[in-house]
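Just so we're on the same page: letters track the sequence lines, and every chain starts at 1.
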2 protein chains.
Amino acid sequence: MDLMIPIDSQSKKPMYEQIYAYICEEIRTGSLTAGERLPSTRALAGHLKISRSTTQMAYDQLLAEGYVETRPYRGVFVAKMEGMVGAGPRIREEMETSEPEPAVDCRIDFSPRGIDLDSFPYNTWRKLSRNTLVDDNKEMFHSGSHQGEPGLREAIRGYLHSARGVECGAEQIIVGAGSEYLLMLLSQVLRAKYAGSGLRIAMENPTYRQAYLVLRSLGHPVCPIGMDAFGMRPDLLVQSRANVAYVMPSHQFPTGAVMSVGRRQELLNWASACEDRYLIEDDYDSEFRYRGKPIPALQGMDRQGRVIYLGTFSKCIAPAIRVSYMVLPPELLKVYRAKTGFYASTVSRIDQNILYQFLAQGHFERHLNRMRAIYKAKHDALLAVIRPLEGRFVIHGENAGIHILLTGRCGQAEADLVRQALAVGVRVYGLSGYFIDPVCEGKETVLSPAVPLPDAEEMGVMPDEAGIRPATIVLGYASLSEAQIREGAGLLVQCWCPQQGIIG
Amino acid sequence: MDLMIPIDSQSKKPMYEQIYAYICEEIRTGSLTAGERLPSTRALAGHLKISRSTTQMAYDQLLAEGYVETRPYRGVFVAKMEGMVGAGPRIREEMETSEPEPAVDCRIDFSPRGIDLDSFPYNTWRKLSRNTLVDDNKEMFHSGSHQGEPGLREAIRGYLHSARGVECGAEQIIVGAGSEYLLMLLSQVLRAKYAGSGLRIAMENPTYRQAYLVLRSLGHPVCPIGMDAFGMRPDLLVQSRANVAYVMPSHQFPTGAVMSVGRRQELLNWASACEDRYLIEDDYDSEFRYRGKPIPALQGMDRQGRVIYLGTFSKCIAPAIRVSYMVLPPELLKVYRAKTGFYASTVSRIDQNILYQFLAQGHFERHLNRMRAIYKAKHDALLAVIRPLEGRFVIHGENAGIHILLTGRCGQAEADLVRQALAVGVRVYGLSGYFIDPVCEGKETVLSPAVPLPDAEEMGVMPDEAGIRPATIVLGYASLSEAQIREGAGLLVQCWCPQQGIIG
């Protein structure tokens with residue numbers, strides 16, 4: 001099938017958005033119907049004489065919003081939908097905000113990316129800010145240490161040691177303006193280490209798309225690796241010929257899975273089996289855990305210096321606090337110093353000093369304890385209201401983090417679930433949007449094979465109607481109030497499980 | 001000649017520092033003598049079984065500190081020195097600070113990287129910071145616009161338009177945590193634009209080493225292009241087959257040269273002659289100019305959308321204010337949005353808001369006016385004291401910026417001048433440290449050919465004793481007080497030109 005998409009290269013709207021908008025419109029008006037196969041990204045790109053990555057981005061967006069779905073080894077198909085909702089989701093004119101703006105009629109947004117800022121200790125932060133900008137502190141305006149202020153790094157080391165079991169010296173810590181920046185820096189360290197060739201990065205599939213986009217944009221081949229109930233599968237990792245694996249052992253995003261200790265050891269063994277293999281441990285939200293004791297970081301189990309540890313204050317303090325940190329093993333620290341040590345810190349000394357005081361004076365620990373209680377209450381409110389859904393969904397990923405997952409037991413279609421929720425004013429997110437496609441440079445893209453969810457088979461989950469992976473919905477609750485959570489969850493029960501809604 | 005350098009791969013000291021330290025010691029103890037040829041970086045790397053870039057870094061450091069000198073097409077030779085000073089310059093154990101720490105006996109440091117912070121409006125900044133962190137401003141802690149806060153971008157647009165003649169909309173501006181970060185981001189935009197191949201970046205030679213290191217670390221081939229009295233030579237630019245040229249037209253670093261309008265037009269013509277050619281205009285310190293009217297930015301002359309404009313607040317406000325900005329032409333803005341628009345801003349909204357108020361309330365303009373007067377006074381003090389050197393040096397680059405240059409008329413050796421100054425407690429910087437070597441991937445490095453300084457021939461400058469480019473010393477004066485400048489400059493006159501010192 002050919003799509004005759006008129007592309008206006010003079011338009012202010014990016015080409016991928018034009019393609020996205022055209023296909024949306026075709027689906028909305030019925031010119032493209034459910035089950036129809038779309039051309040491959042390669043064929044469409046060739047046809048329109050534009051780059052493959054542009055068509056890929058358009059398809060990614062369509063997939064994320066549930067207009068289309070992928071079927072393994074067969075292609076991309078128009079999704080089934082139960083009647084269109086209003087004029088459909090808004091097309092983003094601007095790529096300015098990190099969140100897609102909620103549609104006009106969406107009252108409650110279960111975005112897995114929000115966090116609760118109502119409880120942020122504004123007064124404390126203001127006070128610390130004033131303390132930093134006192135008269136005799138003028139050196140704050142001079143440039144500082146490239147890796148980050150020594151005091152802040154020591155405070156981070158202390159926290160990581162006691163709370164996460166991370167074993168490192170402050171000299172191994174690099175402070176940077178956000179995890180994306182640190183990935184850019186790490187990319188250059190690894191590029192130097194691998195002398196520009198042979199670096200292949202494995203990621204769990206599905207995964208944190210933002211990290212995937214960064215690594216892809218930096219030009220690294222990324223291999224998506226399927227997971228089982230214990231985490232990333234070592235057999236697939238070996239097959240992929242990747243030499244660096246990016247994992248989230250404490251609480252995988254988005255599946256919420258916790259990597260078993262046995263699997264952690266397997267991955268460490270994999271890393272130690274060859275020279276120049278590394279694990280990137282992204283410990284993005286390990287601070288929040290509601291059942292059992294905290295799970296120590298993988299880094300603490302590593303005796304061979306094979307783990308690169310990434311953490312951030314954006315999730316547990318505030319997104320505007322653009323401070324993340326990276327712990328490099330000794331071998332990579334040497335490369336960092338020799339090859340990229342010339343980079344000045346991207347975080348102002350003033351901000352580093354405020355954060356240092358926040359940690360050193362115990363405010364951070366108090367804030368975490370407060371937030372743990374707040375998120376636990378929201379989490380409990382959500383679980384209480386959605387209990388009636390248990391007949392039709394498996395609820396999982398609920399022991400940690402700030403989102404949970406619902407996996408359909410009855411062959412529901414993910415796109416239907418998203419649409420039905422939107423029809424009652426609730427935005428939810430399909431897991432499909434977090435799957436990544438293999439990047440085989442120069443080769444045809446193979447669409448993601450169906451990846452079993454953790455425990456999917458044990459839980460008796462049915463594949464969805466299209467014969468692929470079961471429909472799974474991600475519900476983030478951090479930025480909603482308990483009242484909003486109760487209202488939104490109630491609406492979901494009503495629209496996804498009407499009888500149960502009445503009974504429950 | 002083989003150097004038997006014992007490398008300890010377990011040492012905390014990076015390998016390049018071990019090589020650097022070993023060769024320093026050999027020179028200091030007389031095992032290597034002036035005029036002796038060192039092995040090429042490639043030969044030494046092969047001999048020691050380490051990477052070429054490690055030996056290159058060691059040699060760069062030796063060159064920057066004047067231990068060795070390069071002779072075009074012949075190699076690297078031990079520099080002549082008039083007796084060693086004390087134990088020689090300190091070897092940096094840490095790469096933590098951006099400036100090499102001054103040696104114990106160095107009282108006055110004419111670093112071209114310092115700026116004056118004594119006049120920073122601390123009280124204003126504190127006040128603005130308090131205003132930003134008021135109670136009803138909690139959204140400051142949420143994540144903001146990816147390109148930077150719209151208000152700040154509009155304020156930057158207004159400033160660039162009125163002060164620099166830059167023509168752009170606020171939507172073309174991207175705010176980031178420092179110019180190095182923005183170069184990383186730009187690298188990904190260009191990588192996408194050039195589809196991963198064929199991108200070659202030309203830079204003026206000598207140039208701003210930090211930008212060179214960033215581009216090299218990102219894996220881009222960099223072609224050094226010689227300059228004449230008007231700026232980067234277009235004939236050499238064409239020969240280099242580069243498609244992107246990084247230039248500093250308003251005030252080239254480190255030569256202080258101002259690119260002529262004719263040359264600007266030639267470069268714009270070069271860029272327009274083929275598709276996908278761009279100019280990166282780094283306008284890092286255009287705020288300070290002491291004679292004649294301000295020179296508008298190259299960007300304002302551009303009618304074809306071929307100029308990428310870079311500016312920073314680190315130089316004109318404070319290094320700790322990690323805010324730089326980039327203006328993308330429309331074509332690259334599209335690529336940015338499609339390929340890298342997912343990156344969240346690296347500057348906290350709080351800091352962006354403080355800076356926004358600083359600009360919008362007129363504090364920035366007042367600060368610039370004050371700093372212009374302060375730097376002018378320092379500049380005049382320096383020129384007044386070094387006047388007696390005019391018989392032996394050409395003084396140039398004095399109309400703008402915060403450093404000047406002295407080029408020897410009598411065949412002085414640069415390394416001698418640096419050592420002589422250090423012997424009387426004054427640190428100065430040789431221009432040699434700013435030259436960059438061609439990076440021809442996979443080919444043998446060709447050492448920089450002698451590059452004429454602007455006006456060198458007209459000025460009657462003699463080549464130095466080794467038959468290469470004339471000795472040139474860079475004197476930065478921004479971070480010194482007027483008294484320190486007078487003392488330091490007086491000492492330089494005494495040690496470089498003793499008779500004149502007495503007469504003058």
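Taking CD1 from I354(B) and OG from S129(A), the interatomic distance works out to 6.5 Å, rounded to the nearest 0.5 Å. Between the CD1 atom in I350(A) and the CH2 atom in W125(B) there is a gap of 7.0 Å [rounded to 0.5 Å]. Taken to the nearest 0.5 Å, the CD atom of Q188(A) stands 12.0 Å off from the CZ atom of R216(B). The OH atom of Y16(B) sits 10.5 Å away from atom CZ of R337(A), with the distance rounded to the nearest 0.5 Å.
Residues K193(B) and S51(A) form no side-chain contact, since every pair of their non-hydrogen atoms from C-beta on lies 4.5 Å or further apart.
The most heavy-atom pairs under 4.5 Å with chain A, out of V347(B), D351(B), T340(B), come from D351(B). If you tally non-hydrogen atom pairs under 4.5 Å between each of R322(B), M15(B), Q352(B), R349(B) and chain A, the highest count goes to R322(B).
If you measure heavy-atom distances from S314(B) to chain A, you find no contacts under 4.5 Å at all. For L117(A), the part sitting under 4.5 Å from any heavy atom of chain B is the side chain, from C-beta outward, and nothing else. Both the backbone and the side chain of T346(B) come within contact range of chain A, each with at least one heavy atom under 4.5 Å from a heavy atom of that chain. When heavy atoms are compared at a cutoff of 4.5 Å, V189(B) does not approach chain A at all. At a 4.5 Å heavy-atom cutoff, the contact between V214(A) and chain B is made by backbone and side-chain atoms alike. Interface remark: F120(A) contributes side-chain atoms only to the contact with chain B (heavy atom separation under 4.5 Å). Of the atoms belonging to S345(A), it is backbone heavy atoms, and not side-chain ones, that fall under 4.5 Å from chain B.
Looking only at distances, no side-chain donor or acceptor of R191(A) sits under 3.5 Å from a matching main-chain atom of S217(B). Within the 3.5 Å criterion, the main-chain N or O of R130(B) finds no donor-acceptor partner in the side chain of R126(A).
Annotation for Y181(B) and M184(A): closest pair CE1-CE, 3.6 Å, computed over non-hydrogen atoms. Smallest separation of non-hydrogen atoms from E180(A) and F342(B): OE2-O, 4.1 Å.
For Y434(B), the OH atom is densely surrounded, since the number of other residues' heavy atoms within 6.0 Å is greater than 12. Atom CZ of F313(B) sits in a crowded spot, with more than 12 heavy atoms from other residues, nucleotides or ligands closer than 6.0 Å.
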